[in-house]
2 protein chains.
Amino acid sequence: MENIKEDRRIRRTKKLLKHALAQLMDEKEFKDITVKDITERADLNRGTFYLHYTDTYDILNKIENEILENIQNMINQDMEKTDMTDSDSVPALKPIAEYIMDNADICRCLINNKASVDFIDKFQNLIYVNCSDIIKRRHNVKNTTRNEYYFSFITLGIIGMVKKWLETQPMASPDEIVFLVEQIMTYSSAVLK
Amino acid sequence: MENIKEDRRIRRTKKLLKHALAQLMDEKEFKDITVKDITERADLNRGTFYLHYTDTYDILNKIENEILENIQNMINQDMEKTDMTDSDSVPALKPIAEYIMDNADICRCLINNKASVDFIDKFQNLIYVNCSDIIKRRHNVKNTTRNEYYFSFITLGIIGMVKKWLETQPMASPDEIVFLVEQIMTYSSAVLK
DNA sequence: GCAATAATCAACATTATGTTTATTATTATC
DNA sequence: GATAATAATAAACATAATGTTGATTATTGC
């Protein structure tokens, strides 16, 4: 997805800009953050920003996509290893929960972001795409409109739980959340037909 | 909440501005909508906008709050009528679903809005505040951290379902959605302790 | 070391914002 | 229907952010 070898200066600049934005999002709403704010915080020239991003929404979008790509990669790795037919747990959940825990600050500001692009939408879609097939196969469930509604319920519900997790200080351990998510998935799949 | 008698000109102006914004949100992302866009569409002077709202986020916020206030009022009315201890259904759901159906265009653009304030957050909070007490009493459930996680799951999950409902054309009838929501609430409450 | 290129700096035109003042049009109320 | 109150208009303004350009300096990969 990314160029394997970007110039060191580019890597440094992008990292500085992203860190600056994450800092600022902790301090004020995204909509009130300007390109000038970001470059001043990163101690870079304003023009430099435009060498890499078109506007503030572009850089935010790219931060979001990186996080979600990392999570998707964990799922893909897990898919190869796992025989889906026998186990009832989802092995990818543990590394994902640990990843979210490790990146709690950035995940929290993305998921709580009041004025921006659609991190939650993209996250829900990721869960939807990766889970619906697995669940359907496991529980021998059909593609009905009714079940589509329930999937929308479950997938956004899981994000609600993760959101709560990130908001509750001190945060529970990844293992605890994995347990709760698996439990809720088991219970909820009972509504599917 | 609102002044009982606003000048007719003010009522007209506010209505024109709100309709113009709703129209524009169907055409492009909220973040790209300017005050000029709104007043041009409403065929009003740009200065007039500032007589009533501070910026685009302010008017959006007020549209959101109106919708949610109307829903809250339905719940309040229902609370007075209902004896909570015996029934297992939630009578407010039907009028709420009908209200959402009647205002599907505006609700859809608020719930799908990619770049704005927090309609979904506020909506989730409304459900949370109004449902948690009822459910806790009904199922004799305690205030544990674990249950808080589940409430976050259920409340955002319901919004996921409503979102799906609004996206699916042609929309299902309010009665169908009420049935699904009640079913999911019954099933889900099984995870509470 | 050197060619390539990223970052800086200063300057610029463009656009949106938010405010002000004087003027016109509409309203509520008597 | 006349009138005082006030909402909407129009034009002008300062301010600030945006996005771009061209020349210069600094860093990088090889």
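Throughout, a chain's letter reflects where its sequence line sits, starting with A, and its residues are numbered from 1. Since the structure is predicted, the reported quantities are computational estimates derived from the model, not experimental observations.
- Considering only the side chain of B:Asp7, D:dA7 comes nearest among D:dT9, D:dA7, D:dG19.
- Looking at B:Arg46, its side chain comes within 3.5 Å of the base of C:dG18 through a donor and an acceptor atom.
- For B:Phe153 and A:Phe153, the distance between ring centers is under 6.0 angstrom.
- Under a 3.5 Å cut-off, the side chain of B:Asn147 and the backbone N or O of B:Asn143 do not form any donor-acceptor pair.
- Side chain of A:Leu51, nearest nucleotide from D:dA17, C:dT8, D:dA8: C:dT8.
- Protein atom OH of B:Tyr50 is 16 Å distant from nucleotide atom C1' of D:dT9, rounded to whole Å.
- A distance-only check finds a donor-acceptor pair linking the side chain of A:Glu176 to the backbone of A:Ser173 [under 3.5 Å].
- No hydrogens or angles were tested; on distance alone, nothing pairs the side chain of A:Arg8 with the base of D:dT27 as donor and acceptor under 3.5 Å.
- For B:Ile10 and C:dA28, the CD1 to P distance is 10 Å, given to the nearest whole Å.
- Distance OH (A:Tyr53) to P (D:dT20): 17 Å, rounded to an integer number of Å.
- Regarding contacts with the backbone of C:dA6, every side-chain N or O of A:His52 stays at 4.0 angstrom or more from both OP1 and OP2.
- Between the P atom of C:dT17 and the CG atom of A:Asp32 lies a distance of 13 Å, rounded to the nearest Å.
- Rounded to an integer number of Å, the gap from NZ of B:Lys36 to C1' of C:dT15 is 8 Å.
- With C:dA7, C:dC9, D:dT9 as the candidates, the nucleotide lying closest to the side chain of A:Asn45 is C:dC9.
- For the 3.5 Å distance criterion, the side chains of B:Tyr128 and B:Glu148 qualify, holding a donor opposite an acceptor.
- Regarding A:Leu44, its CG atom lies at a distance of 10 Å from the P atom of C:dC9, rounded to whole Å.
- Counting only heavy atoms from C-beta on, A:Asp55 has its side chain closest to D:dG19 among D:dA17, C:dA16, D:dG19.
- One interatomic measurement links the two molecules: CZ of A:Arg11 to C1' of C:dA6, which rounds to 13 Å at whole-angstrom precision.
- Mapped onto DNA chain C by nearest heavy atom, B:Arg9 and B:Thr54 fall at different nucleotides, with B:Thr54 at the one closer to the 5' end.
- Nucleotide D:dA17 holds its C1' atom 15 Å from the CD1 atom of A:Ile33, rounded to whole Å.
- Distance alone, capped at 3.5 Å, places no donor-acceptor pair between the A:Asn61 side chain and the A:Tyr57 backbone.
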